[in-house]
Amino acid sequence: MIHITKEAQQKLSSIEWQDGELPRLDANVTGGCGLTINYLFIFDQARKNDTIYHSHGVSIRVDHFTKSYLEGNPPTIDYSDTDGFQVINDVAFDSC
Amino acid sequence: MVEYHQLIFEISQSGRTGADLPESDVDPIELDEKFPKHLLRDTPAELPEVSELQLVRHYTALSHKNYGVDNGFYPLGSCTMKYNPKINEDVARLEGFSRIHPYQPAETVQGALQLLYELQEDLATISGMDAVTLQPSAGAQGEWTGLMIAKNYHQQNGENRSKVLVPDSAHGTNPASAAVAGFDTVTIPSNKNGLVDLEALKKRVDQDTAALMLTNPNTLGLFEKDIVEIAEVVHEAGGLLYYDGANANAILGKTTPGKMGFDIVHLNLHKTFTTPHGGGGPGAGPVGVTKELIPFLPVPRIERDGDNYIWNVDEPLSIGRVKGYYGNFGILARAYTYIRTMGPEGLRQVSESAVLHANYLKKRLETHYESPYAQFCKHEFVLSGAKQKKLGIRTMNIAKRLLDFGYHPPTIYFPLNVEECIMIEPTETETKETLDAFADSMIQIAHEVEEDPDIVLDAPHTTVVGRLDETKAARKPVLRYTKSL
């Protein structure tokens with residue numbers, strides 16, 4: 001449901017997490033007439049109804065809302081020293 | 001009843017008909033003698049074949065699936081979904097208005113021209129402008145018209161100014177209209193109070209600034225109290241001040257864009273002046289200007305010549321025609337009816353009640369949802385679902401849950417500078433009972449988020465269709481019905 005590039009895996013594996021903190025893939029809605037979902041990759045605390053995905057030794061939190069946008073449209077988390085973490089795969093829907 | 005949830009193509013039965021045509025009394029012709037073969041169908045068109053009763057029931061059922069302000073509360077922030085009085089419809093349907101043609105000689109449609117002329121005058125008074133054109137057929141076209149007036153004004157002064165300043169809380173149409181009019185957009189950030197950051201504005205205004213586009217009250221429902229200083233900053237740099245009339249429902253009879261220092265105004269008749277929200281039209285977005293900009297207004301212009309009303313097309317500096325004929329007359333007749341029905345005092349009461357209703361709802365809800373701006377609001381206000389987000393519930397979930405209570409949800413995720421934004425505009429036409437019932441529902445949802453989140457996560461539960469797969473709809477849209485589906 002979530003793709004993680006080798007570069008992102010290596011970077012995430014090297015991070016020492018604070019108490020209760022984990023990386024989170026978070027659907028962020030921006031809108032007005034049209035709504036766009038873009039994914040944020042942040043480090044934060046647990047929310048109710050979180051799902052935790054484990055992949056190649058990396059754990060990533062996803063809340064219930066974000067999870068509904070992942071099915072069938074797996075985003076890719078990438079990392080580079082110049083741009084940091086990046087999520088590829090935004091969704092735009094609804095417009096007037 | 002199953003068939004009423006089906007497409008009309010799915011209830012079609014071969015050979016069924018809703019009408020009997022009379023016997024033809026002319027000789028038939030062979031189509032292939034009259035038309036090239038490649039233009040003729042090989043098989044009959046798959047048109048639905050249904051009885052008259054099936055047809056009536058099908059479309060009646062479809063109409064019941066619509067939701068509008070005639071069905072229930074519609075607190076869609078920034079959209080002013082107020083009740084549209086039915087007297088507007090009566091007037092627009094008067095034979096003298098509905099059965100005339102735009103190509104009729106002016107002397108045969110003097111009553112219609114008088115209505116248009118007086119509407120121009122009324123809107124000029126309401127906006128504090130010196131002249132108004134009724135041609136633009138939508139708010140966004142009004143924006144574009146206003147910006148083209150600004151562009152031509154600067155060019156006439158020997159300047160090719162290329163920038164339009166837009167606050168970060170602006171309607172999305174503002175930067176879009178600026179781009180279509182050939183300008184570059186420069187964003188002005190809001191300060192912590194939700195107002196234009198004056199210092200940031202001063203840094204960004206320069207000799208290349210063509211205009212600042214502003215809504216006042218702004219999209220957070222807050223009055224830009226520094227508007228006079230904002231106007232001075234823009235004017236000192238030689239720029240113009242453009243008023244987006246989307247939020248004019250908050251200021252009727254209280255102040256005018258003209259008094260605030262604006263040079264160009266567009267008004268959304270479907271918001272403030274009770275014409276139908278179009279779903280694509282017909283609409284109207286009249287534009288008013290100060291006297292320096294009158295020569296650039298679109299032509300034709302309606303003018304008074306003694307006791308007569310005439311078309312004036314002889315304006316060499318005009319930006320030209322922006323709409324066929326003179327706008328959407330039926331819509332303009334409805335707005336005229338509303339203004340004349342309400343009168344100056346009635347319009348003032350409209351704004352006072354709209355502001356009172358918004359503040360009442362804000363007070364009732366701000367202990368249950370985060371309220372990013374503590375001050376009194378004007379006709380609308382924003383809440384944030386940030387507190388609910390920590391509990392795993394998003395503003396989108398709250399909006400879907402509101403459907404179960406029979407309400408159209410508020411505007412969500414706009415303006416962009418408020419996290420998990422919920423933007424509520426109750427309008428003046430709702431009763432206190434309706435406002436209380438809506439507040440009760442919002443408060444119940446806030447409790448559900450804490451005590452029974454699943455009911456919110458899985459909402460809506462009572463609508464004809466439940467939660468739609470928006471991602472699939474965006475990525476794999478099915479735009480055409482085929483039988484194989």
Side-chain angles (χ1 to χ4, degrees), chain A residues 1-3 17-54 59-77 87-96, chain B residues 76-79 138-140 169-176 219 246 277-280 385-400 411-423 449-454 456-458 467-477:
Chain A
M1 195 166 275
I2 302 172
H3 297 313
W17 304 105
Q18 306 290 326
D19 275 354
E21 200 173 64
L22 274 183
R24 173 186 297 283
L25 184 67
D26 211 24
N28 180 52
V29 187
T30 55
C33 275
L35 292 180
T36 301
I37 299 284
N38 53 66
Y39 293 108
L40 304 178
F41 193 63
I42 56 179
F43 304 150
D44 71 356
Q45 302 292 320
R47 297 175 194 161
K48 269 190 187 175
N49 299 296
D50 271 345
T51 300
I52 298 182
Y53 291 97
H54 303 282
S59 300
I60 295 176
R61 284 195 183 111
V62 171
D63 71 9
H64 185 281
F65 178 78
T66 303
K67 191 178 167 188
S68 67
Y69 288 97
L70 300 182
E71 289 165 12
N73 297 283
T76 300
I77 298 167
V87 186
I88 304 157
N89 190 354
D90 292 345
V91 183
F93 56 89
D94 283 354
S95 64
C96 64
Chain B
L76 195 64
S78 188
C79 295
S169 63
H171 293 108
T173 50
N174 290 178
T219 52
H277 276 68
K387 186 166 78 175
Q388 286 73 22
K389 183 178 180 180
K390 289 174 188 153
L391 300 172
I393 304 287
R394 299 294 193 89
T395 286
M396 183 77 85
N397 301 117
I398 295 166
K400 300 280 187 191
T411 296
I412 54 174
Y413 297 103
F414 180 81
L416 307 180
N417 51 351
V418 174
E419 183 185 11
E420 296 290 316
C421 189
I422 305 169
M423 185 189 197
V449 169
E450 295 180 3
E451 296 155 12
D452 187 14
D454 285 348
V456 185
L457 286 171
D458 298 332
R467 186 66 71 94
L468 302 175
D469 187 341
E470 291 153 336
T471 312
K472 189 173 180 185
R475 297 217 184 271
K476 296 176 183 172

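We name chains A, B, ... by the order of the sequence lines, and we start the count at 1 in each one. Basis for what follows: all heavy atoms, side chains included, without hydrogens, waters or symmetry-related copies. These figures come from a predicted structure and were not determined experimentally.
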In plain terms, say whether Asp44(A) and Lys390(B) are close enough for a salt bridge, that is, a side-chain N and a carboxylate O under 4.0 Å apart.
no
Would you give the length of the straight line joining atom [atom1] of [X] to atom [atom2] of [Y], rounded to the nearest 0.5 angstrom?
X	Y	atom1	atom2	result
Asn397(B)	Ser68(A)	CG	OG	7.5 Å
Tyr413(B)	Asn28(A)	OH	CG	8.0 Å
Asp454(B)	Asn49(A)	CG	CG	6.0 Å
Arg47(A)	Gln388(B)	CZ	CD	12.5 Å
Leu391(B)	Asp63(A)	CG	CG	11.5 Å
Tyr69(A)	Met396(B)	OH	CE	4.0 Å

Among the options Arg467(B), Lys389(B), Lys476(B), pick out the one with the most heavy-atom pairs lying under 4.5 Å from chain A.
Lys389(B)
Top contributor to chain A contacts, counting heavy-atom pairs under 4.5 Å, from Thr173(B), Thr395(B), Leu457(B):
Leu457(B)
At a heavy-atom separation under 4.5 Å, does Pro477(B) approach chain A through its side chain, its backbone, both, or neither?
neither
Side-chain donor or acceptor of Arg394(B) paired with backbone N/O of Val29(A) under 3.5 Å:
no
